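Beneath this line is the structure, given in C-alpha cells, with notes to follow.
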Protein chains: 2
Amino acid sequence: MAIKSSAPRWLSAREMKAWRAYIFASRRLMDSLESDLSEHDLSMADYEVLAQLSDSPERRMRMSELAQIAMISKSRLSHRMKVMEKAGWVKREECVEDRRGYWAVMTEKGWKAIVKAAPDHVESVRTRFLDHLSAKDQEELAKIFDRVEGNLRGQYADEN
Amino acid sequence: MAIKSSAPRWLSAREMKAWRAYIFASRRLMDSLESDLSEHDLSMADYEVLAQLSDSPERRMRMSELAQIAMISKSRLSHRMKVMEKAGWVKREECVEDRRGYWAVMTEKGWKAIVKAAPDHVESVRTRFLDHLSAKDQEELAKIFDRVEGNLRGQYADEN
DNA sequence: GGCATTTAGTTGAAAGTTGAATTAATGCGT
DNA sequence: ACGCATTAATTCAACTTTCAACTAAATGCC
C-alpha cells in the first residue's frame, strides 16, 4: 500500500520517550479499567455498547450505527448482542422501515445494569487516570488527541 | 474490593473532553497501527515480544521475564511462542540453571523479520501519531503518562 | 419491470485469549 | 534431609474475536 521510503527516520530520544510513556501507560490503564469493570461482568467494549444505547432516543439504535459508534465490527457486535441478549440486557427488534435491519434495544434490566456499573466505572477512570492530571494537562490532552484522531480519521478509511 | 463511596463524582466537562479524546483516539490509533503491522504478519503484541528479545543479550530471555516485560500473561506468551516457533522466528531452549525454565530464543529468521518490520512500524507510529505532536506536546505527554503509569504500578498489584 | 449492485446483518469456522488446573523443579525452614 | 510452599511454564476448556461466506432486502439503472 505505502511506497517504501529509503532511509527510515528513527525516533529521537524525545519521541521515543513520549511514545513509550504513552503506550505502556495506556496498556496498563486499559488493563486496570477492564479489571475494575469486570466486577460488573462487563468489558469496556460491552460497556461502551450499553452506554451508547442508553443515551440514544428510546434507548435503541440500529445495529450498524451502534457498531460504528462503539468502534467495533458488525460481526463482533452481532456476537456480543447474542450474549447480552442472553443476559437480558438487550433485545433485538425488527426494523419496519428497512426490513433488512434490526434495532438493538436496551431492556430495563440492561438500563439497571449500566446505572449500577457507571458510578464505579467513572470512579475507576478517575482514580486510575484523570485524578493524576491537572486541569491544564487535561486541556492539553484533549487538544492533542483530538488532533491525532482528526488525522487518523482522514488517513484511515473506515471500512468496518 | 473498593469500598463503595456515597455520591459518584461525575466527570466535569473538561474531564469528559480529555477522557473521550484520549480513549477514542487511542482506539483508532491502535487499530491503525495493528493494521499497518499486519502487513508483516505481526500483531503489536508479537512485535513487542520480538523487539524485547531482539535487544536482550544473546537475543534470549526467560519466558516469565519476557511475559512481564512485554506485558502479556505467561499463558498468552506460551501460546504465541508456539505460533512464532512454527513460523521459525523463535525457538525454546531448556534452561540449565533452572530446569523448570526455558529460554525464548530469537532465531536468525526472527531477527530478519523484525529488522524488516521495524522501519515500517516506526514510520507508522510517526505518521499516525508522533508527527502530529509538537516537541512540547511530546514532552508533556511523556511527563503525564509517566506519572499515570507510576500511579498504576502502585495501585494495581502485578499478578500476571 | 427486471437485473446487477450495494447494504444490513448474521453465521460458522478458525484463531486468539483467559484463567484455572497441572506438572515439575526449586528453595526454605527446621 | 525432609516436607511444604513457591515458582516456571504449559495445558485444557471456555470464551471472544476475526474473517470470509452467506441471506435477504433495498437501491439503482436502463
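Here the structure is a predicted model, which means the values were calculated and not measured.
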Practice problem: Write down the distance between CD (B:Glu94) and C1' (D:dA8), rounded to a whole number of angstrom. | Solution: 13 Å
Distance-only donor-acceptor pairs under 3.5 Å for side chains of residues 82-89 of chain B, two or more places apart:
{"unit_1": "B:Glu85", "atom_1": "OE1", "unit_2": "B:Arg92", "atom_2": "NE", "d": "3.4"}
{"unit_1": "B:Glu85", "atom_1": "OE1", "unit_2": "B:Arg92", "atom_2": "NH2", "d": "2.8"}
{"unit_1": "B:Glu85", "atom_1": "OE2", "unit_2": "B:Arg92", "atom_2": "N", "d": "3.2"}

Quiz prompt | Integer-rounded Å distance: D:dA26 P and A:Tyr102 OH | solution = 12 Å
Self-check item: d(CE, A:Met81; C1', D:dT17) in whole Å
Solution: 17 Å
Quiz item: Atom CD of A:Glu93 to atom C1' of C:dA8: distance rounded to whole Å?
Solution: 17 Å
Self-check item: Between P of D:dA8 and CH2 of B:Trp103, the distance in whole Å
Solution: 13 Å
Quiz item: OP1 or OP2 of D:dA9 less than 4.0 angstrom from a side-chain nitrogen or oxygen of B:Ser78, does that happen here?
Solution: no
Quiz prompt | Letter per nucleotide, 5' to 3', of nucleotides 16-27 of chain C [B base touched, S only sugar-phosphate touched, - untouched; heavy atoms, 4.0 Å] | solution = SSBB----BBS-
Exercise. Taking all heavy atoms of A:Leu133 and all of B:Arg147, pick out the closest pair and write down the distance.
Key: CA-NH2, 4.2 Å
Exercise. Write down the distance between CD (B:Glu85) and C1' (D:dT10), rounded to a whole number of angstrom.
Key: 13 Å
Quiz prompt | Set of salt bridge (charged side-chain N to carboxylate O under 4.0 Å, His left out) partners for B:Arg20, sequence neighbours left out | solution = none
Practice problem: Provide the full list of ring-ring contact (aromatic ring centres under 6.0 Å, His included) pairs with a residue in residues 119-148 of chain A, sequence neighbours left out, each pair given once. | Solution: A:Tyr22-A:Phe145, A:Tyr47-A:His121, A:Phe129-B:Trp19, A:Phe129-B:Tyr22, A:Phe145-B:Tyr22
Exercise. Going by the salt bridge (charged side-chain N to carboxylate O under 4.0 Å, His left out) test, name the single residue among A:Asp36, A:Asp131, A:Asp120 that passes it with A:Arg126.
Key: A:Asp131
Quiz item: Between residues 52-63 of chain B and DNA chain D, which residues have a heavy-atom gap below 4.0 Å?
Solution: B:Arg62, B:Met63
Quiz item: Below 4.0 angstrom from OP1 or OP2 of D:dA9, is there any side-chain N or O of B:Arg92?
Solution: no
Quiz item: Starting at CG of A:Asp41 and ending at C1' of D:dC15, how long is that distance when rounded to a whole Å?
Solution: 14 Å
Quiz item: Which whole-number value in Å describes the distance from A:Glu34 CD to D:dT17 C1'?
Solution: 13 Å
Quiz item: With sequence neighbours excluded, what pairs up with A:Arg76 under the salt bridge (charged side-chain N to carboxylate O under 4.0 Å, His left out) test?
Solution: none
Exercise. Return yes if some donor-acceptor pair links the side-chain N/O of B:Ser26 with the main-chain N/O of B:Ile23 below 3.5 Å, else return no.
Key: no
Quiz item: So, A:Arg99 and A:Glu94, do they make that salt bridge, N to O below 4.0 Å?
Solution: no
Quiz item: Taking B:Arg27 for the side chain and A:Ala70 for the main chain, is one N or O donor matched with an acceptor at less than 3.5 Å?
Solution: yes
